[in-house]
Protein chains: 2
Amino acid sequence: MTTIYQVAEHAGVSLSTVSRVLNGRKTVNPKLREKVELAMQELNYRPSSVARSLATNRTDSIGILVSELDTPFFGEMVQAIEVTLRQANKHVIITVGHNDLAQEVDAVEFLISRRCDALIMHTEGMSDEQLAAINQDRIPIAVINRDVPGIDDGCFCLDNEQGGFLATEHLIAMGHRQIGYISGPRNKHDAMERLSGHKRALAEGGLDFLPEMVFEGHFQELDGRDGLRYLKQQNPALTAVVCANDWMASGAMSCARDMGLDLPRDLSIVGFDNLMFAHHVFPKLTTVSNPVNKMGEMAAKSILNRVYDQQHVLQPLYDAQLVVRDSVFDLNSL
Amino acid sequence: MTTIYQVAEHAGVSLSTVSRVLNGRKTVNPKLREKVELAMQELNYRPSSVARSLATNRTDSIGILVSELDTPFFGEMVQAIEVTLRQANKHVIITVGHNDLAQEVDAVEFLISRRCDALIMHTEGMSDEQLAAINQDRIPIAVINRDVPGIDDGCFCLDNEQGGFLATEHLIAMGHRQIGYISGPRNKHDAMERLSGHKRALAEGGLDFLPEMVFEGHFQELDGRDGLRYLKQQNPALTAVVCANDWMASGAMSCARDMGLDLPRDLSIVGFDNLMFAHHVFPKLTTVSNPVNKMGEMAAKSILNRVYDQQHVLQPLYDAQLVVRDSVFDLNSL
DNA sequence: CTGTTAGCGCTTTCAT
DNA sequence: ATGAAAGCGCTAACAG
């Protein structure tokens with residue numbers, strides 16, 4: 001590998017002149033600049049980002065921590081981050097936490113020891129306090145899908161309450177009155193917010209909220225099956241169910257089919273997240289979109305602002321949007 | 001940030017002793033080792049991988065180049081790579097090429113300037129020659145889903161021919177005789193191998209290969225629609241179609257439904273790749289599995305062998321496997 | 001505007 | 001077994 005020193009020698013200038021050319025300083029004689037650039041070409045010189053990092057105490061790398069990589073949700077998020085950051089000539093180091101606290105902590109230590117300039121994470125495992133502490137004492141953090149007190153200008157969330165509201169409101173507008181709800185785990189913020197939205201829609205629609213019409217799942221496909229079975233049992237006249245994510249909606253769908261129900265005629269289903277497969281299931285799933293790519297982009301830009309002095313306009317809260325497809329039956333049409 | 005020097009001072013030993021402890025050298029007096037370790041604890045010392053990289057000329061980082069990140073195919077691949085590599089205390093720097101040659105070349109330069117120790121790529125854009133040249137002159141490469149002459153012990157492929165064979169063989173076993181084929185682009189290796197397998201199955205099943213029963217697609221969902229329409233027109237008695245990937249199979253499915261066909265009764269469909277959504281479509285898709293996570297793991301291990309002197313056992317060619325679900329109708333049952 | 005010099009934090013001979 | 005010293009490739013005062 002050619003070094004800056006060899007370039008200097010070849011061009012007949014000093015080390016620092018080459019460094020200046022490299023960093024685009026204006027205070028370089030055009031003739032010298034030309035000579036240096038030629039030398040770099042001839043020697044096929046590539047700057048060592050490692051040496052530069054050591055000297056500047058910056059790595060231009062941002063650590064990413066996600067639960068998984070093999071689902072479109074995280075894939076879209078990470079891709080948006082990578083594209084945004086690489087445009088700014090930064091790079092991403094990706095780690096996967098597998099929803100396991102120990103692995104997440106390990107990953108964060110790993111990223112810090114790699115001297116990342118900042119972290120972007122989507123995690124459920126670490127507590128607000130842990131995150132805030134790291135953000136203050138060690139390294140700037142941006143968080144997606146979570147609102148952590150103590151991390152200012154670094155949290156980017158979907159308006160989950162509004163999303164939950166939208167889903168149920170749609171069902172009510174389509175004439176449904178017997179509506180079940182398959183929620184996410186009680187201890188998850190976003191899950192509970194979605195449920196609140198559901199309750200608000202019920203109230204505004206003049207319907208009573210019945211606790212027995214809520215089944216607590218864990219965002220897994222199987223919970224959709226269990227949930228639907230439970231809800232059907234609670235209320236055989238059920239005409240619709242809203243699921244707190246698309247996976248559970250998909251599970252509810254196959255369960256419904258196993259029960260011999262004709263979809264969407266006999267049962268309407270609404271999902272949440274608008275994952276890539278939402279339009280692959282049959283009937284195509286009506287769901288609430290989660291602009292995860294936008295949030296990824298924002299998280300990246302917030303880092304660009306905080307760490308690299310850029311000036312992007314940030315938007316912390318994202319509106320949910322209802323994506324109407326074919327999984328809700330219009331009872332008014334009868 | 002604490003440095004090795006401060007640790008040395010705190011422990012009352014020399015710089016080099018700390019370094020030895022850090023690298024687990026055996027030639028350190030246990031008492032001193034203990035003192036050093038205590039000092040590291042007390043000062044909350046974290047080694048700087050940047051400084052180490054500069055000194056060792058190694059970054060312990062591996063660059064990844066994929067076309068996309070937002071599809072399960074690449075997601076699974078990258079995740080397998082990350083997990084394998086991080087166990088070995090290496091890390092991955094991920095770039096996305098978007099199927100664009102210029103961006104791919106750019107990404108590779110980027111990764112090299114980041115001083116990655118090796119590259120793992122899944123790319124269609126760069127030529128065999130380009131790849132082989134980079135591998136020889138610049139940086140070790142492992143390639144997934146492609147067999148590049150000149151990259152030894154670094155190519156990991158699915159047996160596409162066998163996969164194509166399996167798909168069609170299954171259809172024939174189920175009594176189908178009028179079988180259409182929606183292929184990938186003619187200029188893609190894997191696409192053509194899958195088609196060869198199809199032809200071999202036809203031949204072994206005693207069926208004629210009819211060129212007009214093949215539609216050339218580009219692996220996009222829409223091609224499945226176009227393909228099915230075309231094939232139906234060529235042969236209205238068509239009972240089955242094999243698609244060279246799951247996306248096109250999904251497209252063919254919705255098209256079939258639009259045509260008023262009852263699936264799988266009126267039309268059997270087989271896909272390829274076994275993407276995550278394959279069991280979300282209805283009817284659940286019978287398809288050929290592509291162990292992309294295994295190949296990712298192997299690619300990672302091959303790098304571990306070549307660059308970091310580890311000794312993993314490698315498997316270059318992977319058997320395709322038929323995953324039987326519900327999208328093929330058994331004509332023998334009539 | 002250009003060159004000299006001193007680090008950045010670590011590894012690695014080479015002596016002791 | 002331990003320490004001293006040089007160097008990895010670059011940036012950033014500082015002096016001229």
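These figures come from a predicted structure and were not determined experimentally. Order of the sequence lines sets the chain letters (A, B, ...), proteins ahead of strands, with each chain counted from 1.
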A:L32 vs B:P47, nearer the 5' end of DNA chain C by closest nucleotide
A:L32
Give B:S48 one of three labels, base, sugar-phosphate or nothing, depending on what nucleic acid heavy atoms sit under 4.0 Å from its own.
sugar-phosphate
When the distance from CG of B:L15 to C1' of D:dT2 is rounded to whole Å, what number comes out?
12 Å
Roughly, in whole Å, what's the span from CG in B:N29 to C1' in D:dT2?
10 Å
Taking any heavy-atom pair under 4.0 Å as a contact, classify A:T17: base, sugar-phosphate, or nothing.
sugar-phosphate
Rounded to whole Å, the OH-C1' distance (B:Y5 to D:dA6) equals 16 Å
Taking atom types as they are modelled, is there a donor-acceptor pair under 3.5 Å from the base of D:dA12 to the side chain of A:T56?
no
Determine: side-chain N/O of A:R25 to OP1/OP2 of D:dA12, distance under 4.0 Å, yes or no.
yes
Does a side-chain N-to-carboxylate-O contact under 4.0 Å join B:E297 and B:K294?
yes
Between B:L314 and B:H312, is the side chain to side chain contact (heavy atoms under 4.5 Å, CB included) condition met? List the steps.
CA-CA 6 Å; B:L314 264 32; B:H312 299 278; 4.2 Å; yes
Is any side-chain N or O of A:S19 closer than 4.0 Å to OP1 or OP2 of D:dT11?
yes
Salt bridge or not for B:D117 and B:K90, using N-O below 4.0 Å?
no
Assign B:V50 to base, sugar-phosphate, or nothing according to its heavy-atom contacts below 4.0 angstrom with the strands shown.
nothing
In terms of the nearest nucleotide of DNA chain D, which residue is placed more toward the 5' end: B:S14 or B:L54?
B:S14
Can you confirm if the aromatic rings of A:H122 and A:F73 lie within a centre distance of less than 6.0 Å?
yes
Rounded distance in Å - CD (B:E34) to P (D:dT2):
13 Å
Do other residues, nucleotides or ligands put more than 12 heavy atoms under 6.0 Å from B:N99 CG?
yes
Picking from D:dG9, D:dT2, D:dC10, which would you name as closest to the side chain of A:Y45?
D:dC10
Specify the separation, in whole Å, of atom CG of A:D60 and atom P of D:dC10.
15 Å
Rounded to whole Å, please give me the gap between CZ in B:R52 and P in D:dC10.
21 Å
Within this structure, what is the CG-CD distance for the pair B:N29 and B:E34, rounded to the nearest 0.5 Å?
10.0 Å
Could you list where the contact with chain A starts and ends along DNA chain C, reading 5' to 3', using a 4.0 Å heavy-atom cut-off?
C:dC1 to C:dG9
For A:Q6 and D:dG7, give me the distance from atom CD to atom P, rounded to whole Å.
15 Å
Between A:S49 and B:R114 the two heavy atoms that sit nearest each other are OG-CA, 3.3 Å
Rounded to the nearest Å, what distance is computed from the CD1 atom of residue B:I4 to the P atom of nucleotide D:dG3?
13 Å
